[in-house]
Amino acid sequence: MSALALDLGAQWILVDAGEGTQHQLLRFGLPTSRLAAVLITHLHGDHVLGLPGLLSTLALNGRVEPLTVIGPDGLGRLLSGFADVGVLNLPFPLELTELVDDRGDGASTELRPCPTVAGHRIVAVALRHRVPCHGFRVTAPERRGRFDAVAAERLGLPHGPERGRLAAGFEVTVGGRVIAPGDVVAPSRPGVSVAVFGDTTPCSAARALAHGCALVVHEATYADGMEAEAEMWRHSTARQTATVARDAGAGRLILTHFSSRYPVIDQLVHEAARCSRRATPPSRGPGSRPRAEPGRGPS
Ligand SMILES: [Zn+2]
């Protein structure tokens, strides 16, 4: 069941909350007190049915800070339903953003700005699935440019607070000479971007979202030979996923969301690796897959 944590340092973001999310949080030691936002890709049960339980736990833990929640049209009604029948009684506000643009064809490459979370920019794009479904790109804040120690020596900058002031963006005067930050500090660098996808077939929107990302996390439901099923159920094969990531110039790819028809996923990993620019040895994540009953379809 889908649930992915993006650790931002002081806080973290949860993308999707399938059943079992709370078990995994305990397993990996992620404190719910540092949860900054929940992003829901779509309203299939394996992506959202863990959310009411998680919210209840936050309430039991005494949370009072607002929680940012971003998801598809209908997410608010789903949570309201749980509240109406008494399952949810939250002592903290949900700051909910619903994405209501979805045609479901994955043709629009418009990246929709969402609320910023812990200084990280978030955009969403509508994918191609059987129900409205989005992918999210999370971009870290700009990083300061590197300090050029060689240039500093050349300019006769002493070791001391002057260097700190320049690194912080202030001019300093040394020996009657004004030194600007740009003389010794490289331009700031864009923050790292990570794209996390909901369920989808390959589409223009997926490529736009993955473009230039350091890391892409994408579903890979099927293996080669299952392209017709992938199209029918609006999912991707591992090879299709790797092709999207490669064509978008993504740095690294993590495959998720495998059909339970594959008791082991080596075949999918190898098919994706063969497609990548640098066929590095595939590795399996910390959550190695248990054997599953074959044949159960994804949603
Ligand atoms: Zn789905």
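The first residue of the sequence shown is numbered 1, and numbering continues consecutively from there. For clarity, every value in this text was computed on a predicted model and none was experimentally measured. Whatever order the structure lists ligands and atoms in, that order sets their numbers, starting from 1.
- Put simply, Asp199 gets within reach of the Zn ion (ligand 1), with an N, O or S atom under 2.8 Å from it.
- More than 12 non-hydrogen atoms from other residues, nucleotides or ligands lie less than 6.0 angstrom from CZ of Arg143.
- Using bins of under 30°, 30° to 60° and over 60° for the plane-to-plane angle, the ring pair His44/His129 lands in the perpendicular bin.
- His44 lies close to the Zn ion (ligand 1), since one of its N, O or S atoms is found at a distance under 2.8 Å.
- Backbone or side-chain N, O or S atoms of His129 reach the Zn ion (ligand 1) at under 2.8 Å.
- The Zn ion (ligand 1) lies under 2.8 Å from an N, O or S atom belonging to His42.
- Identified under the ring pair (Phe, Tyr, Trp, His ring centres under 6.0 Å) test for residues 172-201, with sequence neighbours left out: Phe197-His218.
- For Ser204, the side-chain contact (heavy atoms from CB on, under 4.5 Å) test picks out Thr109, Arg207, with sequence neighbours left out.
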